[in-house]
Amino acid sequence: MSAENPPPPAPAPSDFIRDLVAQHLAEKRYAKIVTRFPPEPNGYLHIGHAKSICLNFGLARENDGQCNLRFDDTNPAKEEVEYVDSIIADVKWLIDGWADHCLGYKAKGSTAAAITSNGRPDFHLAPVPVEQISSPLSGAKTEPFFASDYFGQLYFYALELIRRGQAYVCDLNAKETEEYRGAPDKPGRNSPFRDRSIEENLDLFQRMRAGEFPDGARTLRAKIDMASPNVWLRDPLLYRIRHVAHHHAGDKWCLYPLYDYAHCLSDYLEGITHSICTLEFEMHRALYDWILESLDLPRALPKQYEFAKLIPGYTLVSKRKLLTLVNERVVHGWDDPRMATLSGLRRRGIPASAVRRFVTSVGVTKYESVTDIALFEHVIRDELNTLAVRRLAVLRPLKLVLTNLAADEVILCDAVNNPQDETPTTRKLSLTREIFIEADDFAEVPPPKYFRLKPGGEVRLKYACLIKCDELIKDADGNLLEVHCTADLSTRKGEPNADRKVKGTIHWVSAVKCLDAEVRLYDRLFTVAEPAAEEDFLKVVNPHSLEVVTAKIEASLGTSSAEERFQFERLGYFVLDPKDAQPGKPVFNRTISLRDTWGK
RNA sequence: UGCCUGGUGGUGUAAUGGUAGCACAGCAGACUCUGACUCUGCUUGUCUAGGUUCGAGUCCUAGCCGGGCAGCCA
């Protein structure tokens, strides 16, 4: 602890949900706060999910609580293990070093156990102690929670609902069910099967489970109120028949519960205290409560709270549309660095810390809006500014000859690795007779206020010396081939004229010592701020979202690893592509450019 | 003509009856061996109309405008 220079405490976020939780804690309503992050494994996680993850895990870490990762896998037709695996990896990446100690996992293969609560029979599934989750030494096998692990208990509760006269088997088909439901402003009509006897319902439901009926033949419905102004209370479906195998539960079931029925009970079984979801579920809250209250359960009931989801500008946050981009080959996969998926952002080189800062900084409210992507870009640059080591690389090379240097002369220059460090380290750069500079750092006819190299002009070569432009070498067609300059070695660091100032400083690499690298320059994927509002979002895809160049990079970059973050000076932040880079064949992704106030 | 829900600068938010603040963006300047970073300054806001109050973004009433809800999806 350095008493003289304490780190600034991160301001604790405050919002209506955190206020509510604080109030519940003050009232001693719950012994421990337990939240959950419940994705359906039907796609990859995106930046919108990151907000939910950071809210749920944030609540857990701020209150010594726990947050369960639970797969809401009640629709086998849309789900795959590929998605399960990617979601686990993405969540772990996002919370690593931040909230991993709050991650709720269960013993592998376990499901809710029969227990006694308040003297009454009950089911509960406790998480394993955190230290066992990622400790290979403990030998404990753990896994996330799965709604599909509760199919047995859920079936049991359905039988109970039938016995209580609060659920019935309905033979209406999908179209008829829709017709009977009415419209938001028109009441529905009772199903002709609504008044079946409890015995008949029990018999039919058990036979549904046994596989006696084909898909769609019958459903189990809650008996609530077909005239309710809330359409979700008009005898909502609880179970449907689907003769398909499940990616996690196998082929044990042909009867699958629907979201509203499975979610509240899964929350209850895990002892969730605060079940946080997005605004579109507001109308479902009454049903969430109805199911739990109808069962007369012996433990405290979870409560649902809703917040506005994150909609960043110039991106898409809809699994369905993201899937379209993948299937239509607009991008190269779910983890394409242009995608707003967590795996895409990770491959792009965006640190998890930046994602967390961004999704936290937008706050938690019930106001739906499009968030300016500049907010995200700012935190990415800010995080990377301290994390990234500086390197020199030339994206669009132009040859420059220092005519007063001998052909085999090598002048070693000290270059700072990261000026943001408290005690910056340096490395050596080789200045040689032939170097490359950025093509747009030279202008034969310079625009106004041009600080860079021009005929007869002077500029500093970063970490080296001042050079003066003497001559342009062109081909027969007048195309510029080389720029010839003289180097003023007396302006090197430690030399008498080191402090001589010129307006411009440019980056460079030695033409003989540099390496070639493929560099992928990414830009926003869409040309409009709200692609989701477009009639066809494929029509507003930015045709220039990816540009590939062969860059000249300084030699030290040849041994980089995918974990390192680089700032190519004056250009932006770059990272080695974890998939495509090979030893001896570097491939870099541009995470983001540097802020450019000159415009050009 | 149903139900739920929300409106604070260009954007995201704070202010819990008491000076409308912060961040981003923008603009201007300082600094600079990165036109980066950093620093300084500036511009811009409580949906409307009434009411309660010494005092209203906040409370009340009435409007206006927006979002969501009628999958055997989640």
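Each chain gets a letter, A, B and so on, in the order the sequences are listed, and its residues count up from 1.
- In this structure, A:Trp598 counts as stacked on the base of B:rG35 under the 5.5 Å centre distance and 30° plane angle limits.
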| If you write RNA chain B from 5' to 3' in dot-bracket form, with Watson-Crick or G-U pairs under 3.5 Å, [ ] for crossing pairs and | for pairs with another strand, what do you get? | .((((((..((((....[..)))).(((((.......)))))....(((((..]....))))))))))).....
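- Checked against side chain to side chain contact (heavy atoms under 4.5 Å, CB included), A:Glu212 has the following partners two or more places apart in sequence or in another chain: A:Arg207.
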| field | Per-nucleotide protein contact string for nucleotides 40-48 of chain B, where B marks a base within reach and S marks sugar-phosphate only (heavy atoms under 4.0 Å, - for neither) | value | ---------
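- A:Asp73 is linked by a salt bridge (charged side-chain N to carboxylate O under 4.0 Å, His left out) to nothing, counting only residues two or more places apart in sequence or in another chain.
- The side chain to side chain contact (heavy atoms under 4.5 Å, CB included) search around A:Gln304 returns A:Cys277, A:Phe281, A:Arg285, A:Tyr288, A:Glu306, not counting sequence neighbours.
- In terms of heavy-atom proximity, A:Trp334 sits nearest to A:Thr341 at O-OG1, 2.6 Å.
- Scanning residues 278-286 of chain A for heavy-atom distances under 4.0 Å to RNA chain B yields A:Glu280, A:Phe281, A:Glu282, A:Met283, A:His284.
- Proximity of A:Arg181 to the phosphate of B:rC72: a side-chain N or O atom is located under 4.0 Å from OP1 or OP2.
- Pairs passing the salt bridge (Lys or Arg N to Asp or Glu O under 4.0 Å) check and including a residue from residues 411-421 of chain A, sequence neighbours excluded, read A:Asp414-A:Lys428.
- Side-chain atoms of A:Thr177 lie closest to B:rC72 of the nucleotides B:rG12, B:rC69, B:rC72.
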For nucleotides 20-27 of chain B, tabulate all protein N/O to nucleotide N/O atom pairs closer than 3.5 Å, reporting atom names and distance.
unit_1, atom_1, unit_2, atom_2, d
B:rG26, OP2, A:Arg595, NH2, 3.2

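- No aromatic stack links A:Tyr367 and the base of B:rG7, using centre distance under 5.5 Å and interplanar angle under 30°.
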Distance-only criterion, 3.5 Å: show the donor-acceptor pairs between side-chain atoms of residues 15-23 of chain A and protein atoms not counting sequence neighbours.
unit_1, atom_1, unit_2, atom_2, d
A:Asp15, OD1, A:Ile17, N, 3.0
A:Asp15, OD1, A:Arg18, N, 2.9
A:Asp15, OD2, A:Arg18, NE, 2.7
A:Asp15, OD2, A:Arg18, NH2, 3.4
A:Arg18, NH1, A:Glu62, OE1, 3.0
A:Arg18, NH1, A:Glu62, OE2, 2.7
A:Gln23, NE2, A:Glu27, OE2, 3.3

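- Remark: A:His248 pairs with A:Asp149 by the side-chain hydrogen bond (donor to acceptor under 3.5 Å, both in side chains) rule, at least two apart or across chains.
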| field | B/S/- contact track for nucleotides 28-33 of chain B, protein heavy atom under 4.0 Å | value | -----B
Can you give each donor-acceptor pair under 3.5 Å made by side-chain atoms of residues 215-228 of chain A, sequence neighbours left out, with the distance rounded to 0.1 Å?
unit_1, atom_1, unit_2, atom_2, d
A:Asp215, OD1, A:His243, N, 2.8
A:Arg218, NH1, A:Asp171, OD1, 3.0
A:Arg218, NH1, A:Asp171, OD2, 2.8
A:Arg221, NH1, A:Asp235, O, 2.8
A:Lys223, NZ, A:Arg194, O, 3.2
A:Asp225, OD1, A:Ala227, N, 2.9
A:Ser228, OG, A:Asn230, N, 3.1
A:Ser228, OG, A:Asn230, O, 3.2

